[in-house]
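Naming convention: chains lettered A, B, ... in sequence-line order (proteins, then strands); numbering from 1 in each chain.
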Amino acid sequence: MPARTVYTASIESVSILDEHGRFDAQLGADLIPNDDLVKLYEQMAISRRFDEIAFKLQRSGRMGTYPENRGQEATSLGAAYVLNKDDWLVTCYRENTGLFWRGLPMEYILLHWMGDERGNKIPDGLCITPLAIPIGTQMLHAAGLAWAAKYREEKRIACTFFGDGATSEGDFHEAMNFAANLDLPIVFFCQNNGWAISVPTNKQCSAPTLAQRGIAYGMDCIQCDGNDIFAVVRVMKEASQRARETNRPTFIEALTYRLGDHTTADDARRYRDEAELQMWMQRDPIIRLGNYLKELKLWDRSKEDALQERAKAEVADAVKRAEEIADTPIEEYFDAMYADIPEELRRQRDTLRTSSLGQEGFAQGVETPTKQGIEETVN
Amino acid sequence: MPARTVYTASIESVSILDEHGRFDAQLGADLIPNDDLVKLYEQMAISRRFDEIAFKLQRSGRMGTYPENRGQEATSLGAAYVLNKDDWLVTCYRENTGLFWRGLPMEYILLHWMGDERGNKIPDGLCITPLAIPIGTQMLHAAGLAWAAKYREEKRIACTFFGDGATSEGDFHEAMNFAANLDLPIVFFCQNNGWAISVPTNKQCSAPTLAQRGIAYGMDCIQCDGNDIFAVVRVMKEASQRARETNRPTFIEALTYRLGDHTTADDARRYRDEAELQMWMQRDPIIRLGNYLKELKLWDRSKEDALQERAKAEVADAVKRAEEIADTPIEEYFDAMYADIPEELRRQRDTLRTSSLGQEGFAQGVETPTKQGIEETVN
Amino acid sequence: MANLTLVQAINLALIQEMERDDRIIILGEDIGVNGGVFRVTEGLHKRFGEKRVVDTPLAESGILGTAIGLAMAGLRPIPEIQFEGFLAPAYDQICTHAARMRSRTRGALTVPLTVRVPIGGGIHAPELHSDSPEAVYAHQPGIKVVMPSSPYDAKGLLISAIRDPDPVIFFEPKRLYRAFREEVPEDEYTIPLGKARVVAEGDEVTVISWGAPVVQCMTAIEASGKSIELIDLRTIYPIDTQTIVQSVRKTGRAVIVHEAPKNCGLGAEIASRIMEHCFLYLEAPIQRVTGFDMTMPYYKKELEYLPEAERIGKALAEVAAY
Amino acid sequence: MANLTLVQAINLALIQEMERDDRIIILGEDIGVNGGVFRVTEGLHKRFGEKRVVDTPLAESGILGTAIGLAMAGLRPIPEIQFEGFLAPAYDQICTHAARMRSRTRGALTVPLTVRVPIGGGIHAPELHSDSPEAVYAHQPGIKVVMPSSPYDAKGLLISAIRDPDPVIFFEPKRLYRAFREEVPEDEYTIPLGKARVVAEGDEVTVISWGAPVVQCMTAIEASGKSIELIDLRTIYPIDTQTIVQSVRKTGRAVIVHEAPKNCGLGAEIASRIMEHCFLYLEAPIQRVTGFDMTMPYYKKELEYLPEAERIGKALAEVAAY
Ligand SMILES: Cc1ncc(C[n+]2csc(CCOP(=O)(O)OP(=O)(O)O)c2C)c(N)n1
Ligand SMILES: Cc1ncc(C[n+]2csc(CCOP(=O)(O)OP(=O)(O)O)c2C)c(N)n1
Ligand SMILES: [Mg+2]
Ligand SMILES: [Mg+2]
């Protein structure tokens, strides 16, 4: 239909260090100092070790369901690397690497998956939010956190992580729209790992890219190779600068892959091809960066051995801390509900009963009338 | 940032008969037969009359809150004109003209706003859904209706209407995404009338067009002049054909304006400029088509007079039917809840009481024990 | 002291709290230039500017979700949802996040927000503008739920709600928005959450209600000629069991009145608490005078659905005679 | 007759109904090739093809909303929501539309869908995978709510739900999914909605429960050595008041057991109905043994939250001794 064109848009895709080791010297120039590169590599390796141990803890009955992060280490790490310490990191549940980089002690993640809320009791000053279980809901909080920073003129930003599947939820749309319309300093970081449990990305979005979801809001949006730490760092730098300087949000689609099952409760062989998995094994972000470091002579076998030892020890330590944490008396759960505990809840807490006869004798008085007709008090 | 372009998109805007009477002979060729043009004009005029009377009914206390349709007649009408009788028309609340064209007796709309559910008791075979009060929710039903048609291989489609404000709701996103991903035969028709109550469109969407919301789903999307019946018909023809033949959805943004307040409960002078209103008065879809018809010698003063008489009579008739409808006994409300009324609800229905003592003597037995200790039955 | 409507009392509370605490941001649909569809936020946009009084996109989950983020950052957001029927799209954010953030993080992150929501029927409004979902939110641990029935209470309770460190849903009975005026002190004052008000004392029957039906109860009680104790709950959660129980131990009879459907309404919880704590004092089965277990009818029939004075009066007579 | 788990019984019911009625479409997250995260829809994708067994995008409101449209068109959609915690995003479509379409249109449009939702705790799952929101949906007029506690009931109730002309929420207690097997007839059979089951007869105390805690009740009853009548509600709405009342008029004592928090839980409604209809028969205050009024703890502490046999047993002893 011939008519007037009123809008045009396009999506760019960024790759710097590809799976064959080719490095785009122009895009990658002066992006990451060598020292940092080594540290980033080390963090990914430690995180990978953590993942393996966490998996084993689940398999041996020492931990509940656990979502492996394997294969996705570069995304959250690249983002956390670029962000300032006081920027909000609002994650989903596959961003261990970025959280560890930020400084979250590893045992927190273990505690979370061990069914212990103390895994979410974020240490003061860390500027992260707890792992988000309900898909797609946390981006709105990130928008609110970014809004608060803008309101206070703090020059802090928020960066929120979520999967391809999450982009199908209504809350994703609302968060993107609020951010774009209210000019919030935020980065929406989508980890497109090809699958939402058993559902492939093309069933979440039939468009050629997820990145173009941002066009709906007139938002800057871009795609990158999520297994390429350079590409991630590059797009994150641009996005965080845009947020910090102009309060404009950015939507990033990072192409990555989970090399494990969805969680330990899942069996990916039921729905995905071995060949696809094999192909992505070749694109492993850790191997890729490791090879590059070796090429630059920044890494070698002995450093690797030392790193593996260190990883082993640090992870073992975290496991120990998580497993040896003191039991929480259930009463603390009641106390954690409100700043001030309501009376009926206090009665439940102090008797560990809900039935009124079971609550008799609570506190000073006796609340439920007895047949003897004693004078009672209800608190 | 130099990188590979992986996607490009653009938005076209269609206008055929503009506010100055200029007609694009190429785009408009053979679009609407003259006979139909006259009928469409008449329908708009009758709808306008209806609107005026409905407004007066509210102001004189004979009807509750009413949302004027004034200024938006061409959008739903153009769509309904293109659709087949068995295509689903899933409207919001500003699409009287299209509903009347489809055959909904005018008193139904009055009854709805008179607080009478019978206004939603759609006559058999009309393939419309009731006016939707909760914003943004009905598009999902349209997607489901379209899906059912596809499932049954019926070659029916659905067309759903909503405002600019509605595109901010999560359900809008989910409906668009389901339609695009499941290949549903549906048209999403957005009436961008510039305002969602007091909030201007640019606070719902900071992108230059609403049409580009469709790009997020890889959906065909287009903008048109919503006060130009030709443009509406043209984009609807293309969209409905696409849906019917290929099961692909389309998103249409029609630019229009409500010339009245949001509803009779609103006072638009509180938030919008008189100048803006005046400008849009010049773009009135009825005046525009009327002038064009006169130019084509299809219309004249005497025809107009006759039409106004007819409109007056038809609307008066509808008002009479709505106002004279018999009262519904409240019992029918209970009966309308389920195919089979649950027992406790039947007890409430038969006694018009919820308190158990008030329900005594219900049906055969006496349900609540009395002090006399009569043998009781509970139904 | 000024003679104010409920709308004006809330407006005054908002202004005073905003003056006092610049962590407060008001957000919602049409609350800015337009002053809210009920004019509750009238004048705030002009007074505090568009940074603190923000017209959001039309998206309730977005409003609550971003408000949660604002609160997590230490601000004191006061989102408005235009009508209780449109709180439903925000149900998930409220119950999944606002209610759980403190317990989930053992207090590391909290959500001190107050969401204001007009509630209830009786104003001839369209569908979904007349419901009463308070019991749904009372069932969700982690939030508090408040519903005033007078201008005086509205101001004092709203200030408490805003200052409360936990999320509060503040339901405003729209039928009472402009139904009557009352002396409301200019000075700030708070009414503690979780404390009911004994509106009238009596010893034959205890009537428990909240929000708009409190007014219907007063009419019914007056007409009954009996000595009836009327308790206005004021806070829906936590429930002030003590005040209720003390009264019913005196009267031995109770009637609970609410607009929501009977089944699983708050009346059931209150009746159960009374039964649990006053078992040996009860002289008649506790009565529930409520909306019927059906969809709130469109407005033509709303008064036949709502617990109006006449229906309340019948229950009073029956329970007293039992 | 086959010895089936609850998962298998539901799977069988789905297969048989789909064979019988090609208006049935199954839709949800991971229900296709993957057979559902609990394998309830195992084999259906292969058997009925991707036209009838549809993996949708990850969007619960979308799943319910399109299912409503499918149902309005006369099909019989059976959406699955993966866990009860993720029913919340669909709360609006359920309460605003599924529940209201029949009454809104005076029957011109109806919504015959059955939404299947795993519910409850006890399986060591992550947050929001262990809640019990049944009372919230029971409070909403216009829908029916079902929760089986055994493979046999599950099959018969699910078939009734699917054939019911109104929307039904079918909650599946995930703790019982594979907890035990039971003889389940191959042939189709239905169990009427709205009818409770007397699991065990007795005359000292009546215990009322539904879903997974029914099993805990059986253990507690056995341990108590008393003559206790156990009623499994089976349908949460409409409640089978008659069966409950008949029993309590006999026993004079009642204990209600559920996983959800006590405040405004379904136990309050049942207790109130008992009080209303058995007032002169009651010999002790009705007891509620339920989840506490707090967020369902993460799994380390879930068994201290849930109404396990021991806590039920204490209440039985107390109420019997009263
Ligand atoms: C609201 C909600 N619905 C469903 C689920 C169950 N669920 C957990 S993870 C998941 C898939 C998420 O996919 P994606 O967003 O791509 O993230 P990924 O796991 O691939 O990192 C689903 C459906 C959930 N946790 N929350
Ligand atoms: C879910 C929901 N939220 C809020 C409202 C209150 N409300 C009614 S109409 C309206 C504005 C709608 O704007 P738009 O979608 O542009 O439609 P228009 O009225 O302009 O045709 C609002 C906020 C509602 N009806 N439903
Ligand atoms: Mg994914
Ligand atoms: Mg609009």
Subject >> Top of L266(D), D293(D), I270(D), I286(D) for chain C proximity - count of heavy-atom pairs under 4.5 angstrom >> reply: I286(D)
**OP:** Without swapping roles, check the side chain of R253(C) against the backbone of A284(C) for a donor-acceptor pair under 3.5 Å.
**Re:** no
Subject >> T295(C) versus chain D, the contacting section by heavy-atom distance below 4.5 Å >> reply: both
Subject >> Contact class of I239(C) relative to chain D, heavy atoms under 4.5 angstrom >> reply: side chain
Original post:
Between A271(C), S272(C), A135(C), G142(C), which shows the greatest number of heavy-atom pairs under 4.5 Å with chain D?
Top reply: S272(C)
Original post:
Relative to chain C, which of L87(D), L282(D), I94(D) shows the most heavy atom pairs under 4.5 Å?
Top reply: L282(D)
Original post:
If you count heavy-atom pairs under 4.5 Å with chain D, which of Q140(C), E60(C), K262(C), M296(C) comes out on top?
Top reply: K262(C)
**OP:** Say whether, by atom type as modelled, one donor and one acceptor occur between the side chain of Y305(D) and the main chain of F292(D) under 3.5 angstrom.
**Re:** yes
**OP:** Among G267(D), A90(D), A99(D), A138(D), single out the residue with the greatest number of heavy-atom pairs under 4.5 Å to chain C.
**Re:** A138(D)
**OP:** For R288(C) and N263(C), test the side chains for any donor-to-acceptor distance below 3.5 angstrom and give the result as yes or no.
**Re:** no
**OP:** Just say parallel, tilted or perpendicular for the rings of Y91(D) and Y91(C), cut-offs at 30° and 60°.
**Re:** parallel
Subject >> D166(C), D164(C), T235(C) screened by side-chain hydrogen bond (donor to acceptor under 3.5 Å, both in side chains) with K144(C), the one that passes >> reply: D164(C)
Original post:
Quick one: of S103(D), G265(D), P261(D), P297(D), who has the most non-hydrogen atom pairs under 4.5 Å with chain C?
Top reply: P261(D)
Original post:
Is a donor on one side and an acceptor on the other found under 3.5 Å between the side chain of E84(D) and the backbone of V117(D)?
Top reply: no
Original post:
When heavy-atom pairs shorter than 4.5 Å are enumerated against chain D, which of M294(C), R100(C), Q287(C) gives the highest number?
Top reply: R100(C)
Original post:
Side chain, backbone, both or neither: which part of F86(C) has a non-hydrogen atom closer than 4.5 Å to chain D?
Top reply: neither
Original post:
Looking only at atom types and distance, does a side-chain atom of T96(C) sit under 3.5 Å from a main-chain N or O of Q93(C), one as donor and one as acceptor?
Top reply: no
